[in-house]
Every structure is written in C-alpha cells, then in structure tokens.
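Worksheet for the structure shown next.
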Amino acid sequence: MASLFFLFLLLLLPLVVVLLLLAVIVRPRPVRIPLKGRHVLVSGGSSGIGFALARRAAAEGARVSILARDPDRLRDACDAIRRDTGVDAAALAADVRDPAAVARALETVGPVDVLVCNQGVFVPQELERQSLEEVRFMVEVNLMGTFHLIKAALPAMKQRGKETGLPASIAIMSSQAGQVGVYGYTAYSATKFGLRGLAEALQHEVIMDNIHVTLIFPPDTDTPGLAEELKRRPEITNVIAASSGGMKADDVAQKALNGIKSAQFVVPCNFEGTMLSIATAGLSPQRSYLMAFNEVLGASLMRFIGLCFQWNWFSAIEKWHAKKKRK
Amino acid sequence: MASLFFLFLLLLPFAILLLVLAAIVRPRPVRIPLKGRHVLVTGGSSGIGLALALRAAAEGARVTILARDPSRLQDARDAILLATGVDVTILAADVRDPEAVCRALEAADPVDVLVCSHGVFLPQELERQSLEEVRFMVEVNLMGTFHLIKASLPTMKQRAKESGLPASIAIVSSQAGQVGIYGYTAYSASKFGLRGLAEALQHEVIADNIHITLVFPPDTDTPGLAEGVDNCLYSDRCHTFPFPFLNAC
C-alpha cells in the first residue's frame with residue numbers, strides 16, 4: 001500500500017514541480033482588460049467577425065467605433081448595433097491601405113483603448129495561377145493595413161494608458177492559415193503568418209506601456225468574406241480545409257472578446273484550433289501557467305498529430321493529381 | 001533476464017513510434033543534385049547570397065547571381081572567379097519590381113534551384129520606425145520573393161518535367177522568422193510571412209517535383225547586418241540572438 005502511494009507521489013511530483021515552475025516563469029503576467037466605458041475600435045467592423053465583435057463589445061458597455069471602406073455598409077452596421085444593443089457606434093470610412101486616411105480617421109474618434117485589427121481579404125488560388133495584383137491586395141490590406149492602424153493608434157493609446165492607469169489592448173485577427181500554410185493560401189498565409197511575427201515583436205515593445213497584444217486564430221467562419229472565398233477556392237484546398245470545422249461569426253467574436261479581456265496572446269476559437277495552437281506554440285508568450293502546462297506536456301503528441309495531418313494532406317494532393325492525370 | 005525484458009518493454013513504444021513516423025512523414029526525402037544545374041541566387045552580390053553562390057559554383061553548378069547594383073555584381077563575379085574558377089552570370093534587377101524580375105529571368109536559362117536570399121533589415125521600435133521603412137522590408141523581403149517565384153515557376157516546372165530531376169525553391173528566412181522580438185515588428189512580419197508562403201507553396205508544387213527549403217540563419221556577419229546595427233540607437237539591442245556571429249562563408 002505504502003509503495004503504491006509512494007509510486008503515485010513519485011509520478012505526480014515532477015508534474016507538480018513543472019506546474020509550479022511555470023507559474024513562476026510565465027511572462028507577461030496575466031492581466032484583465034476592462035471593456036465597460038472604454039473605447040473599442042474594430043476595423044473591418046461593418047461585416048463578418050468584425051461586426052459581431054463590435055456588437056458584443058457594445059453589449060458589454062464599451063464605446064465602439066467601427067472602421068471600414070463602404071459608408072453604406074457602415075451605416076447598416078451601426079443601425080444593427082443600435083437596434084440590438086441601444087449603443088450608438090461611431091462609423092469611420094477609411095481604407096486601411098491608406099495610412100493618411102487611417103490617421104485622419106483615428107484622430108476624429110480620439111484615443112483608443114482596445115484596437116481590434118480585424119480587416120482582412122482572402123483570395124485562395126495556386127500561386128502559379130494567381131495574379132500579383134491579388135497577392136499584393138492581400139499583403140496591403142491584411143499586413144500593411146494592420147501596420148497603418150497600429151502606427152496611427154499607438155501614441156494616443158500609450159498616452160491614454162498613462163493617464164488612466166488601465167491596461168490597453170491591441171488585438172489582431174490572424175487565422176488558422178496563419179498557423180499552418182496549406183494549398184492555395186500562399187499569399188493569405190504569408191500575410192497571416194506575418195501578423196504573428198509583428199505581434200510577438202510588438203508585445204515586447206509595448207508591454208512597459210501596459211498595452212497587451214492578442215492574436216486571434218479563427219477557422220473558416222461563416223461570413224460574407226468566406227462566401228466570396230468559397231467561389232474561388234481550389235478543390236484541394238476544400239479537402240484540406242475540411243480538416244477543421246467551420247464556425248459562426250458570433251461564436252468567433254465571443255471567443256475573441258474573451259481572449260482580449262484576459263489579454264491572452266494566442267486565442268484559438270475551436271477544439272482543432274486549440275490543438276493547432278499547441279502544435280504551433282513556438283516561442284510565443286503564454287500568460288496562463290495552466291495553458292503553458294498543456295503546451296509543455298502536449299508538445300510531442302501535437303507534433304505527432306500535426307505530422308499525421310501533413311501525411312493526410314500530401315496524400316490527398318497526390319490522389320488529386322493522379323485523378324487529374326487519368327482524365 | 002527479467003530486467004532485459006523490462007528494458008525491451010520500455011524501448012518498444014519508442015521503436016513503434018519510430019516505425020510509424022518512418023511510414024507517415026511527408027513529403028518523402030529527396031536529394032537535389034547541383035552539379036551542372038542552374039542555380040540562381042538573389043541578393044547574390046554580398047553576404048549570405050554571395051557565399052551561397054560561391055559554394056554552389058564550387059560544387060559544379062551553373063550559377064547566376066541577381067542583385068540591384070551592377071558594380072557590386074561585377075565585384076562578386078570577380079570574387080567567385082578568383083575563388084572557384086567559375087564564371088557566373090550576373091543579372092541586375094530590383095526584386096521589388098515584378099517586371100524587371102520577369103525580364104531578368106527571361107534573359108536567363110530556366111532555373112533548377114532558385115535561392116531567394118535577398119533581404120533588408122532595419123530594426124527599430126514600431127512606434128519610432130517610419131512606415132516607409134516598414135514598407136521597404138515588406139516589399140523587398142516578402143513581395144520580392146513572390147515576384148521571383150512567380151517569374152521562375154513556369155519554366156522551372158517545365159524544366160523539371162523534361163529533365164525528370166527534382167528542382168528546388170530555397171527561401172532565406174531568419175531566426176526572427178521563428179520568433180518575433182523587440183525591434184523586429186516589420187522584419188519578423190516579413191520573415192514569418194515567408195514561412196506561411198513556403199508551407200502553402202510546398203503543397204502546390206510537390207506534384208511538379210519542386211521542393212521548398214526554408215533557411216533560418218541567426219545574426220550573420222554580413223554587410224547587411226552592419227547596416228542594421230548602424231541603424232540601432234542602442235546597438236546591444238540588435239545582438240539579441242544569443243548565438244555567436246557566424247561568418248557568412
């Protein structure tokens with residue numbers, strides 16, 4: 001009896017030691033970002049995930065601004081937010097590709113407490129067949145657009161943080177395609193991976209200003225953007241994307257907002273996303289020692305599962321080409 | 001005897017794992033021959049690119065180097081000739097200009113091994129960095145690589161089909177493309193982006209017998225690094241990768 005108990009303790013002890021160690025070393029420290037009464041700006045906020053995010057933030061008592069290109073869609077979005085939450089969101093018409101327009105727009109609404117860089121376009125196609133204009137379009141909107149927003153918002157954000165003493169947030173909408181590149185997504189994955197490099201470096205630069213960076217990694221989400229994408233998607237991409245389930249925009253928005261409020265660096269949105277995040281954790285910061293524990297323990301299994309997925313994907317590609325050759 | 005059995009039991013799961021991995025790893029291993037094949041190195045007039053070109057020439061490849069400055073290209077050509085006896089072809093083009101890249105690649109033979117080694121590196125806090133510099137890094141490091149791949153893919157595929165030999169697209173990323181750190185928002189963005197590009201691209205070109213390689217160097221002792229260091233106000237912030245400087249050669 002004693003020996004069994006002893007064995008149990010011996011097995012459990014290293015795990016407990018690891019857990020305690022992680023609780024001590026995880027950086028940055030956990031923080032909660034309050035939303036009530038604070039200024040939340042959502043780019044790409046007139047439709048899809050951005051709109052759902054803006055609406056939820058408004059429902060939680062935040063002062064909301066939405067930024068997008070089309071004034072009509074912005075007005076429709078504001079009407080919907082007012083109808084659903086009673087809150088009057090500010091509408092900013094600007095193209096994120098234009099840094100001057102972004103700067104002007106941000107000046108009109110004043111300092112931002114929570115900047116949600118959610119705008120994005122995605123046109124899947126084999127790089128060989130895709131035009132460079134489309135590649136550039138994705139890089140300009142998804143990546144450069146986010147740089148423009150952050151550059152424009154940072155100074156006032158820092159100042160505001162100093163005055164209020166409250167933690168601020170820069171949230172960036174990446175994608176599961178920003179965790180793994182798959183057939184048809186050379187340009188889109190390039191931009192979404194790029195956002196991660198930006199975010200990891202940015203967190204180092206702004207942590208002392210009490211600004212906290214959050215990266216969100218949704219799967220295929222049921223939005224007008226996805227509807228557009230599906231029209232163009234290569235067949236093989238469909239097969240591969242089926243590896244992760246789709247989600248509703250509002251569910252993604254809920255996960256995203258929860259992640260923003262708890263200042264999580266990496267926010268997965270579904271089960272597959274959580275597994276993917278562990279498999280691709282890399283050197284990203286992790287504030288939660290419990291999540292860190294999962295990452296440390298789960299790393300080898302997740303890597304193995306990841307390799308199984310690549311086996312599955314490369315086999316699918318092989319089969320598809322064999323089928324095409326026979327025709 | 002019993003302890004030997006326990007040892008076997010302990011090793012068994014590892015042996016099984018090893019066998020399973022041997023069966024499932026994709027893509028399958030392949031060797032890319034260099035001798036007599038056409039290797040094109042961008043950013044090939046200095047730094048890592050020059051060292052790569054030199055080594056490829058020494059291994060019997062037919063080498064072309066692409067860069068912006070014709071006089072540096074000439075110096076590089078002389079250096080390679082001196083070191084290896086091989087005369088490389090030089091191409092002057094700015095990778096940011098897709099048409100110039102197309103024209104340059106059209107003038108050259110079909111490429112067997114494309115090495116995208118061009119890159120610029122200007123570390124600074126995003127708050128203090130100008131958007132022009134951010135754009136510069138994204139245009140050269142990321143868009144430049146798209147331009148090169150778009151321009152060389154069609155003939156590369158054709159060549160691989162005719163020769164039956166595996167081709168290669170190699171992309172020089174950086175350890176800053178594996179982890180983003182203070183001062184590298186734009187540089188890490190561009191270098192992480194190359195990884196997303198590479199992972200997706202491998203799926204797209206594997207059936208054409210083209211194989212993608214991503215290279216992740218640390219701080220490397222090159223003129224490019226010296227530029228980047230000069231740009232830092234606090235130079236100790238630039239030597240953030242805790243690895244000793246590597247000689248480019």
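A note on names: the letters A, B, ... follow the listed sequences, proteins ahead of strands, and every chain is numbered from 1.
Residues of residues 207-217 of chain A never come within less than 4.5 angstrom of chain B, heavy atom to heavy atom. For residues 200-214 of chain B, a heavy-atom distance under 4.5 Å to chain A picks out B:A200, B:L201, B:Q202, B:H203, B:E204, B:I206, B:A207, given by residue number.
Neither the backbone nor the side chain of A:V206 comes within contact range of chain B; no heavy atoms are under 4.5 Å apart. At a 4.5 Å heavy-atom cutoff, the contact between A:E140 and chain B is made by side-chain atoms alone. Contact annotation for B:I24: both backbone and side-chain heavy atoms come within less than 4.5 Å of a heavy atom of chain A. In this structure, chain B has a heavy atom under 4.5 Å from the side chain of A:I317, while its backbone stays farther away. B:K157 touches chain A through its side chain: at least one heavy atom from C-beta onward sits under 4.5 Å away, while N, CA, C and O do not.
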Q. So A:L198 and B:F192, side-chain contact (heavy atoms from CB on, under 4.5 Å) or not? Walk me through it.
A. CA-CA 9 Å; A:L198 158 55; B:F192 266 69; over 6 Å; no
Q: Would you check, one step at a time, whether the test side-chain contact (heavy atoms from CB on, under 4.5 Å) holds for B:Q124 with A:E205?
A: CA-CA 10 Å; B:Q124 186 157 50; A:E205 294 176 16; over 6 Å; no
(Q) Quick one, A:E318 with B:R28, criterion salt bridge (Lys or Arg N to Asp or Glu O under 4.0 Å). Give me CA distance, side-chain angles, the key distance, then yes/no. (A) CA-CA 12 Å; A:E318 222 175 297; B:R28 290 243 167 267; over 6 Å; no
Q: Kindly determine whether A:F193 and B:E199 satisfy side-chain contact (heavy atoms from CB on, under 4.5 Å), including the steps that lead there.
A: CA-CA 11 Å; A:F193 268 70; B:E199 287 187 4; 3.6 Å; yes
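In the displayed structure, A:R287 atom CZ is contacted under 6.0 Å by more than 12 heavy atoms of other residues, nucleotides or ligands. Residue A:R27 places its CZ atom among more than 12 non-hydrogen atoms of other residues, nucleotides or ligands, all under 6.0 Å distant.
In terms of non-hydrogen atom pairs under 4.5 Å with chain A, the most contact-rich of B:A23, B:S190, B:G183 is B:G183. Of all the listed residues (A:I240, A:L154, A:V182, A:I236), the one sharing the greatest number of non-hydrogen pairs under 4.5 Å with chain B is A:V182. Comparing A:A199, A:G282, A:G184 by how many heavy-atom pairs each has under 4.5 Å with chain B, the most go to A:G184. Of the listed residues (A:P99, A:S189, A:P234), the greatest number of heavy-atom pairs within a distance under 4.5 Å of chain B belongs to A:S189. Interface summary for chain A: among B:P27, B:A186, B:P154, the most heavy-atom pairs under 4.5 angstrom belong to B:P27.
A heavy-atom distance below 4.5 Å is not found between the side chains of B:Q178 and A:L283. The shortest distance between side-chain heavy atoms of A:M144 and B:V134 falls below 4.5 Å. A heavy-atom distance below 4.5 Å is found between the side chains of A:K158 and B:E127.
A distance of 7.0 Å separates CG of B:L142 from CG of A:L143, quoted to the nearest 0.5 Å. Between the CG atom of B:L126 and the NZ atom of A:K151 there is a distance of 5.5 Å, given to the nearest 0.5 Å. The line from CD1 of A:I150 to CG of B:L131 is 10.5 Å long, rounded to the nearest 0.5 Å.
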